[in-house]
Peer 1: 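One structure is given below, represented as structure tokens, and several questions about it will come after.
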Amino acid sequence: MKRVYNFSAGPSMLPLPVLKQAATEMTDAHGSGQSVMEMSHRSGDFKPIIEKTEALLRSLMGIPKNYRVLFLQGGASLQFSMIPLNLAGTEPGAPKKKAAYVETGIWAKKAAEEGAKYVDLVLEASSQDRAYTYIPRPPAPHPGAAYYHLTLNNTIVGTRWTELPQTGAVPLVADISSSILSEPLEVSRFGLLYAGAQKNLGPAGTTVVIIREDLIGKAPSWTPVMLRYDIHAQEASLYNTPPCYGIYIMGLVLEWLKGLGGVPAIAELNRNKAALFYGYLDHSRLFRSPVEPAFRSLMNIPFVATVGDTGERANLESRFVQEAAAQGLVNLAGHRLVGGMRASLYNAMPIEGVQELIRFMERFEEREKGRTGVSHTNHE
Ligand SMILES: *Cc1c(COP(=O)(O)O)cnc(C)c1O
């Protein structure tokens with residue numbers, strides 16, 4: 001068996017022990033004589049699976065009792081609509097409510113664009129002026145805002161918030177799709193947290209929403225039933241058929257994480273992986289990180305080549321991505337909207353993967369020097 005190191009931003013690598021366990025349970029899960037995919041979501045076979053997944057998530061994240069955990073579908077993108085609708089939606093004819101957004105990247109911008117359909121949007125701050133390479137210092141929010149939305153880790157541009165804004169009584173709402181369980185997070189600082197599963201939790205198809213109880217039940221009467229937090233909370237995520245298999249795999253991923261020592265242990269590993277890779281980039285004569293050091297993501301690390309003109313650079317970058325893939329280092333192309341390259345180092349990426357990527361990049365760099373004769377200038 002030859003496994004590749006998958007640097008994709010999502011769907012991304014899953015821990016090998018999880019895949020192996022899923023394989024052994026594929027045709028007969030827990031002595032039920034069937035796979036998890038075939039089980040009724042209301043059966044006694046499935047109930048312990050969803051309950052175990054929720055209990056593990058609660059203990060790993062330290063989720064307080066007054067928060068509900070919902071397993072939904074539609075990806076993080078559907079939350080861009082559900083959040084404004086449920087937290088600040090209004091009846092027809094009534095004036096829109098205010099909600100605050102900070103634009104720190106492409107997902108943050110999409111969340112705001114969708115939110116603006118339902119709320120009177122207050123753009124607190126934006127880092128678009130410098131291609132989202134930093135996190136702005138936002139002012140205190142409008143006291144009447146229904147919530148304050150931010151994207152904790154910006155997957156495409158590779159930045160992260162390290163200090164949360166003080167929002168007083170205005171509930172903080174955060175997209176944590178690409179950073180959930182990567183480092184400690186104080187859940188009680190937030191009114192609502194959400195994440196698509198396909199980055200740090202499991203396969204695509206499940207979205208986790210963690211919502212403080214007092215924020216449930218504010219949706220206007222016209223809200224489609226499938227988009228109502230109160231319905232999903234009342235029915236314990238079983239209003240309709242949930243993504244059963246995805247929830248089961250998430251449970252295995254969480255068990256794996258617990259076995260490693262939970263969030264503190266994985267956070268240390270993640271910091272080491274990121275430090276190794278940024279350390280390499282900062283000394284490379286061929287590659288560099290475009291992100292300001294204070295705001296660099298631990299999970300998603302974009303990088304660009306520093307040689308020649310745009311055409312030369314694009315040529316080199318596409319050669320880089322192809323040659324890396326041939327060495328089993330796959331999905332290193334940057335997001336289609338920003339170009340360049342990107343290495344995503346989620347929880348399941350072992351440090352050996354990062355070490356192998358760096359060795360490949362050092363060899364590539366050496367060879368490039370000889371090939372083009374270009375004397376690369378050190379950008380430092
Ligand atoms: C991947 C991602 C999304 C989009 O997730 P989907 O589940 O595909 O809708 C949104 N926000 C962030 C921060 C992401 O990383």
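Remember, predicted model here, so these are calculated numbers, not experimental data. Order of listing sets the numbers, starting from 1, for every ligand and every atom in it. By convention here, the first residue in the shown sequence is residue 1.
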Peer 1: So does D175 pair up with K110, basic N to acidic O under 4.0 Å?
Peer 2: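 Looking at K110 together with D175, the answer is no, because their closest N to O distance does not fall below 4.0 Å.
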
Peer 1: Students should be able to answer this: which protein heavy-atom is nearest to atom 15 (O) of ligand 1, and at what distance?
Peer 2: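 Here the nearest protein heavy atom works out to T155 OG1, 2.4 Å.
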
Peer 1: Can you pull out the closest protein heavy atom to atom 11 (N) of ligand 1? Residue, atom name and distance to 0.1 Å, please.
Peer 2: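 Its nearest protein heavy-atom neighbour is D175 OD2, 2.6 Å.
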
Peer 1: Specify the protein heavy atom at minimum distance from atom 9 (O) of ligand 1: its residue, its atom name, and the distance to 0.1 Å.
Peer 2: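 For atom 9 (O) of ligand 1, the nearest protein heavy atom is S77 OG, 2.6 Å.
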
Peer 1: Could you list which atoms of ligand 1 come closer than 4.0 Å to a heavy atom of G75?
Peer 2: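 Counting atoms of ligand 1 from 1, those under 4.0 Å from G75 are 7 (O), 9 (O).
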
Peer 1: What's the shortest distance from atom 1 (C) of ligand 1 to any protein heavy atom, and which residue and atom give it?
Peer 2: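 That would be K199 NZ, 1.3 Å.
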
Peer 1: Using heavy-atom distances only, which candidate in Q198, M299, H335 approaches atom 6 (P) of ligand 1 most closely?
Peer 2: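 Looking at heavy atoms only, Q198 sits closest to atom 6 (P) of ligand 1.
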
Peer 1: Using the side-chain hydrogen bond (donor to acceptor under 3.5 Å, both in side chains) rule, collect all pairs that involve residues 236-247, keeping only residues at least two apart or in two chains.
Peer 2: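 Output for this query is empty, none listed.
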
Peer 1: For L227, is there any backbone N or O sitting under 3.5 Å from a side-chain donor or acceptor partner on N86?
Peer 2: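 Yes, the answer is positive, given that a donor and an acceptor are paired below the 3.5 Å cut-off.
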
Peer 1: So is Q79 in contact with ligand 1, going by heavy-atom distances below 4.0 Å?
Peer 2: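 It does not; every heavy atom stays at 4.0 Å or beyond.
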
Peer 1: Roughly how far, to the nearest 0.5 Å, is CZ of R160 from CD of E183?
Peer 2: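 These two atoms lie 4.0 Å from each other.
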
Peer 1: Do any N/O atoms on A76 end up under 3.5 angstrom from N/O atoms on ligand 1?
Peer 2: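 Yes, A76 has an N/O under 3.5 Å of an N/O on ligand 1.
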
Peer 1: Indicate yes or no: does an N/O atom of N153 lie under 3.5 Å from an N/O atom of ligand 1?
Peer 2: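 N/O-N/O distance under 3.5 Å: no.
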
Peer 1: At a 4.0 Å threshold, what atoms of ligand 1 neighbour a non-hydrogen atom of T151?
Peer 2: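 Once the distances to T151 are compared, the set is 13 (C).
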
Peer 1: I need the minimum non-hydrogen distance between G202 and I249, along with the two atoms involved.
Peer 2: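 Looking at all heavy atoms of both residues, the shortest contact is CA-CG2, 4.5 Å.
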
Peer 1: Ion pair present between R58 and E54, side-chain N to carboxylate O less than 4.0 angstrom?
Peer 2: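 Here R58 pairs with E54 in a salt bridge, since their nearest N and O are under 4.0 Å apart.
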
Peer 1: Any idea which atoms of ligand 1 are less than 4.0 Å away from a heavy-atom of S177?
Peer 2: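 Per the distance check, 11 (N), 12 (C), 13 (C), 14 (C), 15 (O).
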
Peer 1: What I want to check is whether the side chains of N300 and Y346 have a donor and an acceptor closer together than 3.5 Å.
Peer 2: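 The answer is yes; a qualifying pair exists.
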
Peer 1: State which residues pass side chain to side chain contact (heavy atoms under 4.5 Å, CB included) with Q198; sequence neighbours excluded, sorted by chain then number.
Peer 2: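 Once residues adjacent in sequence are excluded, the partners of Q198 under the side chain to side chain contact (heavy atoms under 4.5 Å, CB included) criterion are P11, A204.
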
